[in-house]
Amino acid sequence: MAYWLVKTEPSEWSIDDFAAEPGRAVPWDGVRNYQARNFLLRMSRGDSVLVYHSSCRRIGVAGIARVVREAYPDPSQFDGASPYFDEKSTREAPRWVAVDLQFERRLSALIPLARIRECPGLEEMPLVKKGNRLSVMPVTAGQWERILSLEENS
DNA sequence: GCCAACGTTGGC
DNA sequence: GCCAACGTTGGC
């Protein structure tokens, strides 16, 4: 059992969208960064995922999802009508993968990025490092515990 | 809207 | 293989 964090712009897909269809396996597609892709490849069914809202008014961790399908070729890379189309990708050798995530729960209150920055023990998260742009990242068990303790203290 | 930081591209 | 130019990310 491993822990992860994924970023999403809530205007595209938010924790509310997850909550609206709690039983659905939601394809987490459109990841077009090799480092992030490599983390998707390492996800296992049953892993827990923090859902983080970025580029919005209330930035922070909003909820938790679960991996329900491990990495498979991201269909959007073959779709000429998709913004995620990649002309250099082939079905024989796909470049990009998706996983499926399922809603687990909302946090009782969103944990703002500023609080995560302040929290001792979370300094090493790529999320809070200067210039970070990684949209899929691993979370250690200790970091997971600390983040969820911020939920209790809110 | 601004801008720093980063990844990718492409000429050489 | 280097590196400048460019486009994108993402907090503020």
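Predicted model only: the values in this text are computed from it and were never measured. Residue numbers begin at 1 in each chain, while the letters A, B, ... track the order of the sequences.
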Checklist outcome for this item: Between CD1 of A:Ile59 and P of C:dG10 the distance, given in whole Å, is 11 Å
Next on the checklist: Determine whether a donor-acceptor pair (N or O, by modelled atom type, separation under 3.5 Å) exists between the side chain of A:Arg66 and the backbone of A:Phe103.
Outcome noted: no
Checklist entry - How long is the line joining CZ of A:Arg32 and P of B:dT9, in whole Å? => result 13 Å
Next on the checklist: Distance check needed: B:dG7 C1' versus A:Tyr34 OH, whole Å only.
Outcome noted: 11 Å
Next on the checklist: Could you check whether A:Glu151 pairs with A:Arg105 (Lys NZ or Arg NE/NH1/NH2 to Asp/Glu carboxylate O, under 4.0 Å)?
Outcome noted: yes
Checklist entry - Taking CG from A:Leu127 and C1' from C:dG11, how many angstroms apart are they, rounded to a whole number? => result 11 Å
Checklist entry - Can a side chain N or O of A:Lys7 be found less than 4.0 Å away from OP1 or OP2 on C:dG10? => result yes
Checklist entry - Roughly how many Å is it from NZ in A:Lys129 to P in B:dG7, rounded to a whole number? => result 14 Å
Item to check | Short side-chain N/O contact from A:Arg117 to OP1 or OP2 of C:dC12, under 4.0 Å | outcome: yes
Checklist entry - Contact class for A:Arg57 vs. all strands (heavy atom < 4.0 Å): base, sugar-phosphate, or nothing? => result nothing
Under 3.5 Å, which N/O atoms of the protein pair with N/O atoms of nucleotides 1-3 of chain C?
none

Item to check | A:Tyr34-A:Trp96 aromatic ring centre distance below 6.0 Å | outcome: yes
Checklist entry - Once the angle between the rings of A:Trp28 and A:Phe18 is folded into 0 to 90°, is it parallel (under 30°), tilted (30 to 60°) or perpendicular (over 60°)? => result parallel
Checklist entry - Between A:Asp16 and A:Arg106, does at least one N-O distance fall below 4.0 Å, as a salt bridge requires? => result yes
Checklist outcome for this item: Separation of C:dT9 atom P from A:Met137 atom CE, nearest Å, is 14 Å
Item to check | Carboxylate-amine/guanidinium proximity below 4.0 Å for A:Glu123 and A:Lys129 | outcome: no
Checklist entry - Heavy atoms, side chains only, cut-off 4.5 Å: are A:Val136 and A:Met43 in contact? => result yes
Next on the checklist: What is the distance, to the nearest angstrom, from the CG atom on A:Leu134 to the P atom on B:dA5?
Outcome noted: 18 Å
Next on the checklist: From CD of A:Gln35 over to C1' of B:dT8, roughly how many Å is that when rounded to an integer?
Outcome noted: 14 Å
Checklist entry - Does A:Tyr52 place a side-chain N or O at less than 4.0 Å from the phosphate oxygens OP1/OP2 of C:dT9? => result no
Checklist entry - From the list C:dC12, B:dA4, C:dG10, which nucleotide is the closest neighbour of the side chain of A:Ser55? => result C:dG10
